[in-house]
Amino acid sequence: MKTLVKICLVPFLLGIGSTQYVTAKVKMNEQQAPIVKQLKKQGILPNKTYYQLDYLPALDNQDSFPEKSLHSSVNELETNPNMYIMATQSIAQVQLNKNYQYSQVTQLDRNIIEVIYPTDSFQSLDDGVYFYTLDEHKQLQKKNSFNDVYLLPSYLRVEKKHGIVVSIQKRPLTSITHYKYDYWSNNSLKYLKLEMYDNNKKVIYDSEVFFDEKGEMVKAIRKNIETKQSSIETIVHQEDIYSIDEFFDNEGIKTNRVSHYENSFRVKNEVLNKNGKVIKTNNAEPEIFDFDKDLDEPYPYNKLVMNVEKSNALLTDSMFEQGIRDNAKYDEEALKRAQYLGIKPKQVYYHKLPFPSFMAERYKNYPHQAPLTLIEAENQSPQEKYSDLIKVEIDNNYQYKKIDKTKWQQVAISLPSAQLKSLENGIHFFVINNRGQLTPLNSVEEAIAQPTYVRVEKVMGKIVSTLQKNRVQWLTTEFDYKKNSPIRSKLTVIESHVVPKLVIESEYESGQYLPVSQVIKNAQGNIIRTYKTVKKKNIIAILERFNEQGVKTNHIEISKQRDIENQYLDNKEHSQLYDELPFNPDGFEMLLFEHFKK
């Protein structure tokens with residue numbers, strides 16, 4: 001939302017010519033009269049406070065009238081489902097002037113973050129939505145309604161359905177913005193004052209926008225109150241230049257002169273020395289305020305751990321993007337999350353599906369899903385053609401030490417009822433011979449050790465499922481760490497219908513999603529492929545191929561321009577599925593499976 005505010009205040013996105021203005025003015029009169037009539041019909045009064053969802057600043061005459069619904073109570077807006085699409089809550093306090101145009105608006109934006117929190121305190125609650133705050137001792141303080149927490153820096157929202165706590169959210173403020181409008185006698189925009197506050201109601205950013213009597217922007221003055229940097233933008237419409245924006249440091253010395261071009265995102269940034277002389281030019285506009293940075297979460301809300309499974313991807317992705325970089329904050333949170341889930345070092349357990357992919361869906365190799373027993377994990381996707389069974393071993397640092405993945409093809413089969421008649425209710429496992437005869441297995445552990453087995457489920461005296469499961473792929477990946485960052489992985493293809501047994505050894509550098517070096521060995525231990533990133537003149541990577549006996553056949557160099565020079569040492573090309581180095585462990589696993597399905 002704050003990024004959107006920033007974009008809306010960039011004048012060159014809003015410039016309109018005089019011909020366009022006449023057309024817009026006619027449309028405005030046609031559109032606003034019904035809006036005002038409807039507001040009056042609803043009993044909306046000037047100078048009284050109302051509430052509005054997802055308010056956007058009015059930067060032209062047409063947007064100075066509220067087109068979205070206004071509500072007399074903030075409680076009416078708390079459960080709006082649209083908030084969950086972007087995982088943000090944006091509610092504004094709105095006052096209109098006598099012409100039913102925006103006069104003053106205070107907008108509060110919040111993140112909606114699912115958290116891991118003990119549910120014991122909520123067991124006695126009836127179904128419904130409840131609101132709490134946390135004191136300095138982390139103790140819950142129950143509030144009567146949303147109205148009691150709406151203005152606070154953060155609060156907890158708890159929802160219970162069918163006797164089960166289904167959601168515990170923290171909702172910290174990410175921005176507080178106040179807008180004040182003034183208008184010309186013809187109702188056109190004259191002036192907009194924007195102030196952003198911190199959680200202590202201290203102004204941290206200030207912007208003033210001035211308009212002519214047609215409602216067209218003529219000047220904008222912006223200030224970062226904390227750094228004392230500022231800028232003054234003037235609309236000039238000279239030749240192909242829309243505006244000139246001058247930037248000043250904390251001593252009021254001009255540092256940059258930026259030209260915005262008509263009907264274009266193109267800018268020209270002239271960097272100035274203290275004497276006002278241009279010392280260099282580029283096309284990157286300076287920033288005096290970070291609109292992407294959220295307000296700091298107050299204690300103790302900042303110590304609550306995100307529930308990664310339930311939180312919106314827009315929030316979790318920013319954490320996953322940290323990848324294998326060092327990040328004390330996310331490391332601490334990931335460790336707490338694993339401990340809360342009951343995960344311990346050296347623990348071996350089965351994993352919930354879908355398994356989060358390397359880097360893209362998990363932070364480093366920390367688990368964020370609760371452990372399962374084998375019987376819970378074995379039949380997680382009974383309706384799918386293929387099913388995964390994943391076993392993990394946890395390292396001393398609470399990250400995955402070893403990941404064992406088997407993929408099973410499963411198909412419903414018909415079995416003679418006579419063989420199943422004596423079964424008790426429950427889940428049973430068998431092997432089946434080529435004549436369709438079943439031999440019972442003692443346990444699920446014994447079943448998954450077979451390349452093929454049959455799973456039968458009986459409920460209330462009736463057979464409800466008979467599946468035959470055939471293992472089609474089996475891989476393991478082991479990781480080594482430096483501090484909390486993965487630095488090496490070893491992937492072993494134990495079983496595959498696509499390639500023979502392989503071992504892929506990879507090394508990673510901090511912050512890198514793909515390996516910086518990779519070695520592939522065949523079942524005999526011979527190196528058959530290598531990859532290494534290099535810093536050598538114009539070369540960024542070198543790949544080498546070897547035959548099954550370990551004799552080099554190709555030396556391939558990749559330039560910074562992505563040109564490929566392939567030296568065929570034996571004048572033959574030995575193309576294989578695994579030639580497309582580098583890839584992370586999950587990437588190779590998916591590659592194998594896609595070729596199997598072909």
Original post:
For E159 and S167, what are the C-alpha separation, side-chain angles and deciding distance, and is it a side chain to side chain donor-acceptor pair (under 3.5 Å)?
Top reply: CA-CA 5 Å; E159 185 171 2; S167 172; 5.0 Å; no

**OP:** Output all residues satisfying salt bridge (charged side-chain N to carboxylate O under 4.0 Å, His left out) with E297, sequence neighbours left out; order by chain, then residue number.
**Re:** K170

**OP:** Could you check K560, Q561, E557 and say which one makes a side chain to side chain donor-acceptor pair (under 3.5 Å) with N538?
**Re:** Q561

**OP:** Sequence neighbours left out, what passes side-chain hydrogen bond (donor to acceptor under 3.5 Å, both in side chains) with N99? Give chain and number order.
**Re:** N187

**OP:** With the side chain counted from C-beta on, respond yes when Y181 and Q101 share a heavy-atom pair under 4.5 Å apart, and no when they do not.
**Re:** no

Subject >> With N250 via side-chain contact (heavy atoms from CB on, under 4.5 Å) - residues at least two apart >> reply: K228

**OP:** Can you sort out the partners of S311 under side-chain contact (heavy atoms from CB on, under 4.5 Å), two or more places apart, ordered by chain and number?
**Re:** I113, E114, M306, T316

Original post:
Donor-acceptor pair, N312 side chain versus Y84 backbone, under 3.5 Å?
Top reply: yes

Subject >> Aromatic contact, Y366 with Y330 (centres under 6.0 Å) >> reply: no

Original post:
Is it true that a side-chain atom of Y301 and a backbone atom of L134 form a donor plus acceptor pair closer than 3.5 Å?
Top reply: yes

Subject >> Side chain proximity check, T533 to I540, heavy atoms < 4.5 angstrom >> reply: no

**OP:** Measure the shortest side-chain to side-chain distance between Y155 and R110 over non-hydrogen atoms and say whether it is less than 4.5 angstrom.
**Re:** yes

**OP:** Give a yes or no answer on whether the side chain of N199 reaches the backbone of D296 with a donor-acceptor pair at less than 3.5 Å.
**Re:** yes

Original post:
So, for H237 and Y242, is the gap between ring centers shorter than 6.0 Å?
Top reply: yes

Original post:
Closest heavy-atom contact between N75 and N147?
Top reply: OD1-N, 3.1 Å

Subject >> For Q52, the option from E67, Q93, K68, Q107 that meets side chain to side chain contact (heavy atoms under 4.5 Å, CB included) >> reply: K68

Subject >> Pairs where residues 532-541 contributes a residue and the test salt bridge (charged side-chain N to carboxylate O under 4.0 Å, His left out) is met, not counting sequence neighbours >> reply: none

**OP:** Using a 4.5 Å cut-off on heavy atoms from C-beta on, say whether the side chain of L304 contacts that of L156.
**Re:** yes

Subject >> pair D331-Y363: side-chain heavy atoms closer than 4.5 Å >> reply: yes

Original post:
Do the non-hydrogen side-chain atoms of I91 and F146 ever get within less than 4.5 Å of each other?
Top reply: yes

**OP:** Indicate yes or no for a side-chain donor-acceptor contact from Q518 to the backbone of F583 under 3.5 Å, with no hydrogens or angles considered.
**Re:** yes

Subject >> Matching residue for F247 among I232, T255, I253 - test: side chain to side chain contact (heavy atoms under 4.5 Å, CB included) >> reply: T255

**OP:** Verify whether the ring centers belonging to F355 and Y400 lie closer than 6.0 Å.
**Re:** yes

Original post:
Taking 4.0 angstrom as the limit, do R222 and E233 come out as a salt bridge?
Top reply: yes

Original post:
Any side-chain heavy atom of L39 within less than 4.5 Å of one from L96?
Top reply: yes

Original post:
Which pairs pass salt bridge (charged side-chain N to carboxylate O under 4.0 Å, His left out) with one or both residues in residues 141-155, sequence neighbours excluded?
Top reply: none

**OP:** For the pair R362 (side chain) and P356 (backbone), establish whether a donor and an acceptor sit closer than 3.5 Å, ignoring hydrogens and angles.
**Re:** yes

